[in-house]
J.: 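Below are the structure tokens for one structure; questions will follow.
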Amino acid sequence: MRSEVTIDLGAVRRNVRRLLAALEGAELWAVVKADAYGHGAAEVARVALDEGASTLCVVTAGEGVALRAVVPDARILVMGPCFGDDLDRVRSAGLELAVAQPPFPADVPLHLKVDTGMGRYGLLELPDPPANAVGLMSHFATADVDPAFAALQLQRFHAAASVLPQLQAHVANSAAALRLPGARCSAARCGVALYGLSPFGVDPVDDGLEPVLSWRSELAQVKLLAEGESTGYGRRFVAAQPTWIGLVPVGYADGFRRDLTGTEVLVDGERRRVVGTVSMDSFAVELPGRLPKGAPVTIVGDGVLVEEHARVARTINYEVTTGIRSAPERSRRVFVDG
Ligand SMILES: *Cc1c(COP(=O)(O)O)cnc(C)c1O
């Protein structure tokens with residue numbers, strides 16, 4: 001087996017319950033865009049709804065249409081924007097749509113998206129709401145890193161919401177749902193926390209969350225590098241003394257990024273350093289001695305956090321899991337519901 005990604009739907013269930021408890025009565029809307037951040041949109045959507053999430057949020061019309069086939073009755077919000085015949089697809093699949101600029105389409109429930117400081121999609125001025133508007137939303141730029149700016153955005157959002165009290169107000173993402181009680185409003189749109197990933201880049205346990213994804217492989221070859229010999233492109237790791245290395249059949253084509261050199265994975269339960277340049281189809285780990293071919297490798301899981309890899313790659317956990325590519329012949333994805 002090259003590698004296997006395991007998605008623990010039981011952990012999704014527990015994260016949903018944790019978020020519902022934090023929301024103190026506000027609705028939980030499960031954000032399952034980008035194939036649920038690499039975790040599998042259909043499967044995650046099903047268990048999230050099962051545990052009490054009330055709406056699914058996606059970005060594209062295509063994502064919404066695909067989910068509609070899986071959950072015939074759920075409320076699904078397409079956060080947009082629309083291209084081509086997307087609007088027709090949104091209408092015929094019975095989806096709702098976020099709109100960030102006029103003209104406002106008819107015959108589809110609309111969520112007016114206001115820009116309170118994100119400076120991305122969003123209306124800069126509050127319009128007269130069309131008859132088919134049902135929601136009012138905004139999005140935080142700094143709920144994870146700058147509470148003062150988030151508070152300013154929240155103040156602007158509450159001002160808008162007070163002008164349009166007939167619309168359902170929703171502004172919180174995971175970070176705000178967990179740590180900005182004033183942002184809970186009527187509903188919170190949570191993504192990353194559902195997956196047991198920390199919106200703050202720390203250990204998810206700090207916020208009562210449980211990682212959902214694990215990624216395992218095995219050593220495909222073990223060899224001894226003599227002093228002065230190297231492994232991988234560019235000879236970026238040269239053995240200072242005779243060094244055993246193991247080759248793991250996972251590379252950047254699978255989503256193990258090229259900038260993960262230096263991160264740690266478990267080999268036979270012990271932390272080992274990734275050395276040399278990550279290839280398209282493999283990476284190398286430094287071993288303490290000769291280990292058997294087939295020794296188990298845990299890339300994520302069993303205490304190895306996505307957050308650690310993200311720090312090494314100077315990115316965020318969101319980007320690491322969204323980048324994992326599960327293809328049947330490369331990295332199989334299996335679901336357990338424990
Ligand atoms: C992705 C997204 C969310 C979810 O954010 P998390 O940080 O993953 O909870 C919420 N709202 C909008 C508009 C988004 O694009």
J.: Please check this pair: side chain of Asn15 against backbone of Leu194, looking for a donor-acceptor N/O pair closer than 3.5 Å.
T.: yes

J.: Only pairs at least two apart or in different chains count here, so list each salt bridge (charged side-chain N to carboxylate O under 4.0 Å, His left out) that has a residue in residues 19-29.
T.: Glu24-Arg184

J.: Taking all heavy atoms of Thr231 and all of Ala284, pick out the closest pair and write down the distance.
T.: OG1-CB, 3.8 Å

J.: CH2 of Trp244 to CZ of Arg290: how many Å apart, nearest 0.5 Å?
T.: 4.0 Å

J.: What's the separation between atom CG in Asp88 and atom SG in Cys82, rounded to the nearest 0.5 Å?
T.: 9.5 Å

J.: Identify the two heavy atoms, one from Asn317 and one from Leu197, that lie closest to each other, and give their separation to 0.1 Å.
T.: ND2-CB, 3.6 Å

J.: Please report the closest heavy-atom contact between Ala53 and Val16, naming both atoms and the distance.
T.: N-CG1, 4.4 Å

J.: A side-chain contact here means heavy atoms from C-beta on lying under 4.5 Å apart; do Leu95 and Leu97 qualify?
T.: no

J.: So for atom CG, which belongs to Asp206, do other residues, nucleotides or ligands contribute more than 12 heavy atoms lying within a distance under 6.0 Å?
T.: yes

J.: Distance alone, cut at 3.5 Å: any donor-acceptor contact between the side chains of Ser214 and Arg216?
T.: yes

J.: Please round to the nearest 0.5 Å and tell me the distance separating atom CE of Met137 and atom SG of Cys57.
T.: 7.0 Å

J.: If you link ILVMFWY side chains whenever their heavy atoms are less than 4.5 Å apart, which other residues fall into the same cluster as Met280? By chain and number, please.
T.: Tyr252

J.: Under a plain distance cut-off of 3.5 Å, with no hydrogens placed, do Ser198 and Glu307 share a side-chain donor-acceptor pair?
T.: no

J.: Looking only at heavy atoms, what is the nearest atom pair of Pro129 and Ala133, with distance?
T.: CB-CB, 4.2 Å

J.: So, Arg91 side chain and Ala106 main chain: donor-acceptor pair closer than 3.5 Å or not?
T.: yes

J.: Can a salt bridge be assigned to the pair Arg257 and Glu319 using a cut-off of 4.0 Å between side-chain N and carboxylate O?
T.: yes

J.: Of all heavy-atom pairs between Pro292 and Leu219, which one has the smallest distance, and what is that distance?
T.: O-CD1, 4.1 Å

J.: Within a strict 4.5 Å, meaning less than it, do heavy atoms of the Arg272 and Ile245 side chains meet?
T.: no

J.: Shortest non-hydrogen contact from His39 to Phe335?
T.: O-CE2, 3.3 Å

J.: So, Arg13 and Asp50, do they make that salt bridge, N to O below 4.0 Å?
T.: yes

J.: Quick one: does Asp254's side chain have a donor or acceptor within less than 3.5 Å of a partner on Phe256's backbone?
T.: no

J.: Is any side-chain N of the basic residue among Arg332 and Glu4 closer than 4.0 Å to the acidic one's carboxylate O?
T.: yes

J.: Going by atom types only, do Ser3 and Trp215 share a side-chain donor-acceptor pair under 3.5 Å?
T.: yes

J.: Check this for me: does any side-chain nitrogen of one of Asp281 and Arg330 sit under 4.0 Å from a carboxylate oxygen of the other?
T.: yes

J.: Suppose we screen for side chain to side chain contact (heavy atoms under 4.5 Å, CB included). Which residues come up paired with Leu152, at least two apart in sequence or across chains?
T.: Phe149, Gln155, Arg156

